[in-house]
Amino acid sequence: MTEARDDATDATDASDATDATDPSAGGERARRLAKVAALRARGVDPYPVRFDRTHTSAEVLEHWGHLEAGAESGDVVRVAGRVVLLRRMGKLTFATVRDGSGTIQLFVSLAVLGDDGFAAFDDLDLGDWVGAVGTVMKTRKGELSVQVDEWCLLAKAVRPLPDKWHGLSDTDTRFRQRYVDLIANEDARRIFAVRFAVIATVREFLRDRRFVEVETPVLHEQAGGAAARPFTTHHHALDLPLSLRIALELHLKRLLVGGMERVFEIGRVFRNEGLSTRHNPEFTMLECYEAFADYTDMMTLTEELVAECARVATGGTVVDVDGVTVDLTPPWPRRPMLDLIEEHAGVRVHPGHPVAELEAACDRAGVPREAGWGPGKLVLELYEKTVEPNLAGPVFVLDYPREVSPLARTHRDDPELVERFEAVVLGRELANAFSELTDPVDQRERFEAQARLAAAGDDEAHGVDDDYVRALEFGLPPCGGLGIGIDRLVMLVAGVQSIREVILFPHLRPEVGDDAGPPVL
RNA sequence: GCGCCUCUAGCUCAACUGGUCAGAGCAAGUGACUCUUAAUCACUAGGUUCAGGGUUCGAGUCCCUGGGGGCGUACCA
């Protein structure tokens, strides 16, 4: 028994009263808080200001990984990380320490540190952050290690780590306390590494093609660019109702009017709708616009971009999502929507057909419909209910009804259709793109049609954006636009089924209970 | 919003049809151990079985209400 341990034990006893009301980890948190007090009493700061690190664990492996078992390099390094495993052997302790790059073993011996230093190291708990100074060596069993000459506590953890083998699997806790998930679960760290790689790849890919990254407002006077219910808020000083954006589209196209020929934005958008494995109220959207291009150019861009993300994230263009293999290698098939409906529902429809006929087609296909839907909406419903869920993909679904696409250019060959596609993978929309509508008169009419829907009670339709039409009146060059849900792209290349797995802090109902409350001291 | 499933120690999980059933592993405490690798070994402690009602001689188990989560569905161009 060392003096330090005596202090800690006494302090624990002194704070026994807190145990009964401590909501976390039984008495473990109180015990560790008592250690913090004991450290301070000895003049040790359990939360010091900084540490000079010379090497990450990966760098130690890179430079000294070749050492022979049992060899000492003689090179001194300073490493830092969280203690995730401890193996105490009496006068020798092995600690596995993890930093952002991996893990490194600390080799800690009584003979080197002396009684006090060794006893203090023995007082560490799993989860504590430490900094260590020592010689790089390899144990007789061949484990690369730092033989510790000096060390210090960098941050005391007062809550215990989850099970070191089984990790943390409770989804509620994993998402609410993502920090614990990231500590405990290798797969969580992997998924977010994929996410960061995908976003970096998108930026690099588009910059290589001379797209300029821009930032546009999140607060809109009038939400537009998509069919969705916005969140609303209020600006106090201006006494102005505002909406959070539901898309990036309208501002980006204004920039093309201004002469910026290729722009993109990766930004958060917000939609006030239900939650599911595929929907989070706020999610990250990529939109890019290219002057003088049309939707066929956007198809090429899409398949190349997605394939490149998959290559960077996984090394190849064939991904596996829960046992289902998807080959993302370009080119992807391009199929008109009306052909697909004919294949899957056995009926040749067209948005130019009479409403009664299309309603009958829906009824025969067992697709529920609402009174008042126009022909375009009926055709779209037929597609979404009978075709989309069955498309393994990747596939480009081409040429949507004009009525349901108020921002897309009328099709060059068919006035009832627009030049629009969605990329579908595993029955889900991954990308949405058009040859953009550039005619200000046509655009105003489309907006007015939406405004009539809104007036009729459709809370996902929006009114006329006068400033946007004014911008078009200055001349929007012919252009193609593309939107990709980054979260869904990450899900695809990371091979996960829930959007919550790829969002660091997914939206959940408010937490109940007192575990997150103030410390009981 | 609706339907189904689920909630047991800090973590991961047990407990046949209601009947010594509140248990195990990890984590924690004590002890042994100078080459471990999820270290090992011995001992110890740890619970409002999500909350509140109810049925019963008896409820972790059955019923009701509420809460969290999951899945499906609706909504989601």
Side-chain angles (χ1 to χ4, degrees), chain A residues 1 5 8-9 12 19-20 22-32 69-70 84-96 103 105-112 118 125-127 137-145 147 158-176 180 183-184 225-229 246-247 271-281 283 368 376-377 379-381 383-384 388 400-408 418 420 422 428-429 432 434 450 453 458-461 483 485 497-498 500 508-513 515:
Chain A
M1 277 287 260
R5 187 170 297 287
T9 305
T12 300
D19 286 13
D22 188 336
S24 68
E28 179 65 5
R29 181 160 167 249
R31 196 183 64 78
R32 294 194 186 195
V84 291
L85 290 171
L86 279 167
R87 294 173 291 281
R88 291 174 167 133
M89 311 268 314
K91 298 187 179 70
L92 186 63
T93 292
F94 299 91
T96 301
T103 61
Q105 176 169 272
L106 301 184
F107 181 102
V108 183
S109 87
L110 175 64
V112 174
F118 191 76
D125 291 295
L126 293 181
M137 51 90 77
K138 210 170 230 183
T139 63
R140 287 175 215 160
K141 295 285 177 60
E143 180 75 23
L144 187 65
S145 308
Q147 180 162 15
V158 299
R159 296 198 187 224
L161 261 33
D163 190 293
K164 68 185 178 188
W165 187 242
H166 298 99
L168 177 69
S169 63
D170 182 81
T171 50
D172 189 21
T173 310
R174 285 187 49 228
F175 298 147
R176 286 189 201 282
V180 182
I183 293 170
R229 272 175 69 180
I246 56 175
R271 297 187 182 179
N272 206 339
E273 55 200 30
L275 295 85
S276 78
T277 49
R278 289 167 292 282
H279 298 85
N280 197 62
F283 59 100
K377 174 71 174 166
V379 168
L380 182 68
E381 277 306 299
Y383 161 72
E384 287 190 343
E388 191 176 61
Y400 280 60
R402 187 174 187 270
E403 168 195 333
V404 297
S405 311
L407 298 164
V418 291
R420 170 182 173 191
E422 288 191 2
R428 299 173 196 159
E429 170 195 345
N432 183 22
F434 331 127
Q450 290 294 303
L453 290 175
D458 183 344
D459 49 18
E460 288 164 5
Q497 294 278 30
S498 170
R500 288 190 262 266
L508 300 170
R509 286 185 169 78
E511 185 173 1
V512 294
D515 184 55

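Per chain, numbering begins at 1; letters A, B, ... match sequence-line order.
Here B:A45 sits opposite no nucleotide as a Watson-Crick or G-U wobble pair (both hydrogen-bonding atom distances under 3.5 Å). B:G1: Watson-Crick or G-U partner is B:U73, with both key distances under 3.5 Å. In a base pair of the Watson-Crick type (N1 to N3 plus N6-O4 or O6-N4) or a G-U wobble (N1-O2 and O6-N3), with each distance short of 3.5 Å, B:U40 is matched with B:A32.
Base contact: A:Gly225 has a heavy atom under 4.0 Å from a base atom. Within the 4.0 angstrom heavy-atom criterion, no nucleotide atom of any strand lies near A:Pro401. Counting non-hydrogen atoms under 4.0 angstrom, A:Leu86 reaches the backbone sugars and phosphates but no base. Residue contacts shown for A:Ser276 are absent, as no nucleic acid heavy atom lies under 4.0 Å away. A:Ala226 comes within 4.0 angstrom of a nucleotide base, judged by non-hydrogen atoms across all strands. A:Gln105 comes within contact range of at least one nucleobase, with a heavy-atom separation under 4.0 Å.
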What N/O pairs connect the protein and nucleotides 11-15 of chain B at under 3.5 Å? Give each pair on its own line.
| unit_1 | atom_1 | unit_2 | atom_2 | d |
| --- | --- | --- | --- | --- |
| B:C11 | O2' | A:Asp163 | N | 3.0 |
| B:C11 | O2' | A:Gly167 | O | 2.7 |
| B:C11 | O2 | A:Asp163 | OD2 | 3.1 |
| B:U12 | OP1 | A:Ser169 | N | 2.9 |
| B:U12 | OP1 | A:Ser169 | OG | 3.4 |
| B:U12 | OP1 | A:Asp170 | N | 2.9 |
| B:U12 | O3' | A:Ser169 | OG | 3.4 |

Write out a two-atom table: protein N or O, nucleotide N or O from nucleotides 32-35 of chain B, distance below 3.5 Å.
| unit_1 | atom_1 | unit_2 | atom_2 | d |
| --- | --- | --- | --- | --- |
| B:C33 | N3 | A:Gly90 | N | 3.2 |
| B:C33 | N4 | A:Gly90 | N | 3.4 |
| B:U34 | OP2 | A:Met89 | O | 3.4 |
| B:U34 | OP2 | A:Lys91 | N | 3.3 |
| B:C35 | O3' | A:Lys141 | NZ | 3.4 |
| B:C35 | O2 | A:Arg140 | N | 2.9 |

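What separates CZ of A:Arg29 from C1' of B:G10 is a distance of 12 Å, to the nearest Å. Atom CG in A:Leu275 sits about 11 Å away from atom P in B:C71, given to the nearest Å. Spacing between atom CH2 of A:Trp165 and atom P of B:G25 amounts to 18 Å, rounded to whole angstrom units. What separates CZ of A:Arg87 from C1' of B:C41 is a distance of 17 Å, to the nearest Å. Residue A:Ile246 contributes atom CD1, which lies 18 Å from atom P of B:C75 at whole-angstrom precision. Atom CG of A:Leu85 is separated from atom C1' of B:U40 by 15 Å (rounded to the nearest Å). For A:Glu28 and B:U44, the CD to C1' distance is 15 Å, given to the nearest whole Å. Put simply, CG on A:Leu126 is 13 Å from P on B:C26, counting in whole angstrom units.
Side-chain contact, A:Arg278 with A:Ser498: no donor N or O sits under 3.5 Å from an acceptor N or O.
Comparing B:G58 with B:G18, their P atoms sit 16 Å apart, to the nearest whole Å. Nucleotides B:A59 and B:C21 have their P atoms positioned 16 Å apart, rounded to a whole Å. B:C64 and B:G72 have their P atoms separated by 25 Å, given to the nearest Å. On the C1' atoms, B:U8 is 16 Å away from B:G69, given to the nearest whole Å. Look at the P atom in both B:U6 and B:A15: the space between them is 13 Å, to the nearest Å. Atom C1' of B:A45 sits at a distance of 16 Å from the matching atom of B:A22, rounded to the whole Å. Rounded to whole Å, the P atom of B:C63 lies 15 Å from the corresponding atom of B:G19.
In terms of phosphate contacts, A:Arg500 brings a side-chain nitrogen or oxygen within less than 4.0 Å of OP1 or OP2 of B:C71. Residue A:Lys164 has no polar side-chain atom (N or O) positioned under 4.0 Å from OP1 or OP2 of B:C26.
With salt bridges taken as basic N to acidic carboxylate O contacts below 4.0 Å, one links A:Asp172 and A:Arg176.
Counting only distance, with no hydrogens or angles, the side chain of A:Ser405 and the backbone of A:Ala408 share no donor-acceptor pair below 3.5 Å. Remark: side-chain polar atoms of A:Gln105 are not paired, donor with acceptor, to backbone N or O of A:Ser145 under 3.5 angstrom. Formation of a donor-acceptor pair under 3.5 Å by the A:Arg174 side chain with backbone atoms of A:Ser169 is not found in this model. Between the side chain of A:Asp163 and the main chain of A:His166, a donor-acceptor pair closer than 3.5 Å is present.
A:Arg420 forms a cation-pi arrangement with A:Tyr400, by the criterion of a distance under 6.0 Å to the ring centre and an angle within 45° of the ring axis.
Set against B:C71, B:A38, B:G68, the side chain of A:Ser498 has B:C71 as its closest nucleotide.
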